[in-house]
Amino acid sequence: QVQLVESGGGLAQAGGSLRVSCAASGRTFSSCTMGWFRQAPAKEREFVAAISSSGGTTVYADSVKGRFTISRDNAKNMVYLQMNSLKPEDTAVYYCAAKRASIWGASYDYWGQGIQVIVSS
């Protein structure tokens, strides 16, 4: 079982930066693929980024590639999403997720409660 708690969201101006963090509980964190998803008002939840259990492989949605960076610290059971060059369309609730499957397959098993990010123009 993995429990996930996001933190660090809030308000930023367009062009600015924010970092959201996810604290994971459970001894299996270091073997999990971790991902970030987001859901904007009246839109479906969408994939943002993922990182393999070792941190050696990362995947990004085209909409955030080059602006966002996902990272993890297995010693601290933490995963991060550094968001730079923010745009108003990045406004959404951001969710941390974990899965035992590889970065390329299967759906996510565990989800955080989400944290709001608002980008003003």
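Not measured: the values here are computed from a predicted model. Both backbone and side-chain heavy atoms feed into the values below; hydrogens, waters and symmetry mates do not.
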Check whether any side-chain heavy atom of Phe29 lies under 4.5 Å from a side-chain heavy atom of Met34, and answer yes or no. yes
Are Gln13 and Val119 close enough that some pair of their side-chain heavy atoms sits under 4.5 Å apart? no
Kindly indicate whether the side chain of Val117, heavy atoms from C-beta on, has any atom under 4.5 Å from the side chain of Val20. yes
Report yes if some heavy atom in the side chain of Cys22 is under 4.5 Å from a heavy atom in the side chain of Met78; otherwise report no. no
Rounded to the nearest 0.5 Å, how far apart are OH of Tyr110 and SG of Cys32? 7.0 Å
Quick one: CZ on Arg72 to OG on Ser53, what's the gap to the nearest 0.5 Å? 6.0 Å
Distance in Å, Thr33 OG1 paired with Tyr108 OH, rounded so as to fall on 0.5 Å steps: 6.0 Å
Can you check whether Phe68 reaches Leu81 side chain to side chain, under 4.5 Å on heavy atoms? yes
Grab the two heavy atoms, one from Cys96 and one from Glu6, that are nearest each other, plus how far apart they are. N-OE2, 2.9 Å
Salt-bridge criterion met for Asp90 and Lys87 (N-O under 4.0 Å): no
Once rounded to the nearest 0.5 Å, what's the spacing between atom OG of Ser52 and atom CD1 of Ile103? 5.5 Å
Counting only heavy atoms not in Gln3, do more than 12 sit closer than 6.0 Å to its CD atom? no
Once rounded to the nearest 0.5 Å, what's the spacing between atom OH of Tyr94 and atom CD1 of Ile115? 11.5 Å
Side chains of residues 42-51: which donor-acceptor partners sit under 3.5 Å, not counting sequence neighbours?
{"unit_1": "Glu46", "atom_1": "OE2", "unit_2": "Arg38", "atom_2": "NE", "d": "2.6"}
{"unit_1": "Glu46", "atom_1": "OE2", "unit_2": "Arg38", "atom_2": "NH2", "d": "3.2"}

Heavy atoms, side chains only, cut-off 4.5 Å: are Gln116 and Thr91 in contact? yes
Quick check for you: to the nearest 0.5 Å, what is the distance between Leu4 atom CG and Ser25 atom OG? 7.0 Å
